[in-house]
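Hydrogens, waters and symmetry mates are skipped; everything else that's a heavy atom, side chains included, is used. Atoms within each ligand, like the ligands themselves, are counted from 1 in listed order. Since this is a predicted model, take the numbers as computed values, not measurements.
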Amino acid sequence: MLIPNNGGIELKSILKWGVIGSGGIARRRTIPEGIMQSEYAKLVSVYDQNQELNETVASEFNAIPSRAIDELLRSDIDVVYIASPANLHLEHAITCAKAKKHVFCEKPLGLSITEAEKIVHVCKKENVMLGCGFMMRFLAQHEIAYSLIKDGKLGKLVYGRAQLSCWYPPIEGAWRQDPKLGGGGSLMDMGSHCIDLLEMFFGKPVSVSCFINTNVHDYKSEDSAVVILGFENGAMATVDTYFCIPDNSSKNILELYGSKGSILAKGTIGQESSGEMIAYLEEDKNGYDAKQTRSAVKGMNINPKPVNTYLAEVNEFSRAILENREPKNDAQIGLQSQEVLAACYKSAKLGKVVEIK
Ligand SMILES: NC(=O)c1ccc[n+]([C@@H]2O[C@H](COP(=O)([O-])OP(=O)(O)OC[C@H]3O[C@@H](n4cnc5c(N)ncnc54)[C@H](O)[C@@H]3O)[C@@H](O)[C@H]2O)c1
């Protein structure tokens, strides 16, 4: 498929992708469900520091196994998907940008605001596109919830809750379990998705209060975090995110409330393309009901055709490059996420509310 630009000139129709850190989420999700399925992307070469694993991934997906990043960057690629551990994103993103490759970086963009800013700066200087892997924004139900909110169906936004937890026991060498390597624990890793979604729905957060703890597991990163966010528009939200609650016991709840209704979801936050979502919308403002009867409004099931979020993020980033426009999953969401996360950790450390500029 060829995509014309504004001048009607035919652009390159498919972008050639390389991958750094091929053995983790890249192999589990982004390569098979995203890059391999995209009509705008072709997987060319992969690199992982684990050479044996990299050979296996390369043969699984018919790609060239590179033995070093230099070699990967010399192969015929336009974009690099960076799916290495968080502490390596800065080095890997900058190396790729300097080699004039577009960079699609997994979240978090870096370990800190400074690292994220450096990545943004170098990509701008090298004139390459930078995207960040907050793929949950693309879930079909989340897109519909966003449209309902944008159309004012919830009225004035009041309160949101986003939850993402899993069971993550101590594992020898696991980078997420050491804040020096992961930037944090459950909050940085999974809470970042929750905060990102709340920003999509509610806009800019301006203040944050946060508690973190390592309650159950014996590692350095937090296994527990609760965040309270205050938004520019007056809405408030909470995020609860744990590495110490069994998978099946946490339903990854999303709740969005406004003065005219709510959108309540179970299981839409996560890696799957599914989940349940119901909207309760009350067009007509009723008077005060002292009896608080709750039967009047029937929920509306939000059940669109599922969208694979890994495919959607790859498509959007590839198309943005081909069409020479900013992608929805741009650097800004990665940078903003880093700012809010830094404010959360600061609040937890100081035991105070922290303002966000
Ligand atoms: N959006 C999502 O759904 C999602 C899910 C999981 C992880 N992630 C993100 O993806 C990134 C990777 O997480 P993961 O779960 O795949 O981790 P992982 O540890 O499972 O996999 C990381 C891979 O990187 C490789 N690696 C380590 N050091 C390397 C180096 N110096 N050079 C090249 N490769 C190296 C490892 O060998 C491993 O194969 C993180 O940023 C994480 O936050 C996103």
- May I ask you to check whether Thr238 and Tyr159 show a side-chain donor-acceptor distance below 3.5 Å?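 Yes, side-chain donor-acceptor contact under 3.5 Å.
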- Under 30°, 30 to 60°, or over 60°: which ring-plane class applies to His193 and Phe134, parallel, tilted or perpendicular?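 Taking Phe134 first and then His193, their aromatic rings stand perpendicular (interplane angle over 60°).
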- Query: Considering only heavy atoms of Gly23, which atoms of ligand 1 have at least one such atom less than 4.0 Å away?
  - Reply: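 So the answer, numbered in order with elements, is 39 (O).
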- Task: For Cys194 and Gln163, work out which heavy atoms get closest and say how close.
- Result: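 Result for this residue pair: SG-C, 3.8 Å.
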- Take atom NZ of Lys204 as the centre, draw a 6.0 Å sphere, and report whether it contains more than 12 heavy atoms from other residues, nucleotides or ligands.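 Yes - once you tally the heavy atoms of other residues, nucleotides and ligands closer than 6.0 Å, there are more than 12.
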- Atom indices of ligand 1, in the order listed, that fall short of 4.0 Å to a heavy atom of Leu53: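 Heavy-atom distances to Leu53 below 4.0 Å select 39 (O).
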- Task: Flag Gln49 as yes when one of its N or O atoms lies below 3.5 Å from any N or O atom of ligand 1, and as no otherwise.
- Result: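 Yes, Gln49 has an N/O under 3.5 Å of an N/O on ligand 1.
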- Closest protein heavy atom to atom 2 (C) of ligand 1, given as residue, atom name and distance to 0.1 Å: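 The closest one turns out to be Tyr310 OH, 3.7 Å.
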- Say whether Asp48, considering both its backbone and side-chain N or O atoms, lies within less than 3.5 Å of an N or O atom on ligand 1.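 Such a contact does occur with ligand 1.
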- Under 3.5 Å, is there a donor-acceptor pair between the Ser224 and Asn215 side chains?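 Note: Ser224 and Asn215 side chains miss the donor-acceptor criterion.
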- Message: Among Leu254, Leu264, Asp240, exactly one meets side-chain contact (heavy atoms from CB on, under 4.5 Å) together with Arg161. Which residue is that?
- Response: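 Option passing the side-chain contact (heavy atoms from CB on, under 4.5 Å) with Arg161: Asp240.
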- Query: Can you tell me the protein heavy atom closest to atom 22 (C) of ligand 1 and the distance?
  - Reply: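 Scanning the protein heavy atoms, the shortest distance from atom 22 (C) of ligand 1 goes to Ala83 O, 3.7 Å.
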- Message: With a heavy-atom distance limit of 4.0 Å, tell me whether His193 approaches ligand 1 through its side chain, its backbone, both, or neither.
- Response: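 Answer for His193: side chain.
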- Query: Can you list the ligand 1 atoms lying under 4.0 Å from a non-hydrogen atom of Gly24?
  - Reply: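 Near Gly24, meaning under 4.0 Å from one of its heavy atoms, ligand 1 has 16 (O), 20 (O), 21 (O), 39 (O).
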- Message: Suppose we measure from atom 11 (C) of ligand 1 to each protein heavy atom; which comes out shortest, and what is that distance?
- Response: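 It is Ser84 O, 3.5 Å.
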- Same hydrophobic cluster for Leu157 and Met277, using side-chain heavy-atom links shorter than 4.5 Å among ILVMFWY?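 Hydrophobic grouping puts Leu157 with Met277.
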- Message: Can a side-chain donor-acceptor contact be found between Asn329 and Glu313 if the only test is distance below 3.5 angstrom?
- Response: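 The answer is no; no qualifying pair exists.
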- Item | Closest to atom 41 (O) of ligand 1 among Lys107, Met136, Met188 (heavy-atom distance) |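 Considering heavy atoms of Lys107, Met136, Met188, the nearest to atom 41 (O) of ligand 1 sits in Lys107.
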- Pull out every atom of ligand 1 sitting under 4.0 Å from any heavy atom of Gly21, numbered as shown with elements.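 It comes down to these atoms of ligand 1: 24 (O), 34 (N).
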- For Asp189, atoms of ligand 1 separated by under 4.0 Å from a heavy atom: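 Those of ligand 1 that fall under 4.0 Å from Asp189 are 43 (O).
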- Message: Starting from atom 17 (O) of ligand 1, what is the nearest protein heavy atom, named by residue and atom, and what distance separates them?
- Response: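 Answer, as residue, atom name and distance: Trp175 NE1, 3.4 Å.
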- Using a heavy-atom cut-off of under 4.0 Å, does the side chain or the backbone of Met190 touch ligand 1, or both, or neither?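 Within the 4.0 Å criterion, Met190 makes no contact with ligand 1.
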- Message: Determine whether Ile25 and Tyr310 satisfy the following criterion, side chain to side chain contact (heavy atoms under 4.5 Å, CB included), listing intermediate values before the conclusion.
- Response: CA-CA 10 Å; Ile25 189 68; Tyr310 298 93; 4.1 Å; yes
- Query: Between Phe134 and ligand 1, which part of the residue brings a heavy atom under 4.0 Å of the ligand: side chain, backbone, both or neither?
  - Reply: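 Phe134 to ligand 1: no contact under 4.0 Å from either part.
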- Is the gap between the ring centers of His217 and Trp167 under 6.0 Å?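 When the ring centroids of His217 and Trp167 are compared, they turn out to be within the sub-6.0 Å range.
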- Protein heavy-atom partner closest to atom 27 (C) of ligand 1 - residue, atom, separation in Å: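 I find the closest protein heavy atom is Pro85 CD, 3.5 Å.
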- Message: Starting from atom 10 (O) of ligand 1, what is the nearest protein heavy atom, named by residue and atom, and what distance separates them?
- Response: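 Ranked first by proximity to atom 10 (O) of ligand 1 is Glu106 CG, 3.2 Å.
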- Same apolar cluster (I L V M F W Y, side chains within < 4.5 Å links), Phe231/Val206: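 Per the 4.5 Å side-chain linkage, Phe231 and Val206 are not co-clustered.
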- Within less than 4.0 angstrom of ligand 1, does His89 place any heavy atom?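 The answer is yes, since His89 has a heavy atom less than 4.0 Å from ligand 1.
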- Message: Closer than 4.0 Å to some heavy atom of Leu88 - which atoms of ligand 1 meet that?
- Response: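 The list of qualifying atoms is 28 (N), 29 (C), 30 (C), 31 (N).
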- Ligand-side contact atoms (ligand 1) for residue partner Arg28, heavy atom cut-off under 4.0 Å: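 It comes down to these atoms of ligand 1: 14 (P), 15 (O), 16 (O), 20 (O).
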- Which is it for Asp189 and Arg176 under the salt bridge (charged side-chain N to carboxylate O under 4.0 Å, His left out) test, yes or no, and what are the steps along the way? CA-CA 7 Å; Asp189 190 48; Arg176 286 178 178 85; 3.0 Å; yes
- Task: Considering only non-hydrogen protein atoms, determine which one is nearest to atom 14 (P) of ligand 1 and report residue, atom name and distance to 0.1 Å.
- Result: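 The protein heavy atom lying closest is Arg176 NH2, 3.8 Å.
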- Message: So, applying salt bridge (charged side-chain N to carboxylate O under 4.0 Å, His left out) with Glu143, which one of Lys328, Arg137, Lys305 is it?
- Response: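 So, applying the salt bridge (charged side-chain N to carboxylate O under 4.0 Å, His left out) to Glu143 and each of Lys328, Arg137, Lys305, only Lys328 qualifies.
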- Find all atoms of ligand 1 within a distance of less than 4.0 Å from any non-hydrogen atom belonging to Ile25, and give their numbers and elements.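 Ligand 1 atoms under the 4.0 Å threshold to Ile25: 4 (C), 5 (C), 6 (C), 7 (C), 8 (N), 10 (O), 14 (P), 16 (O).
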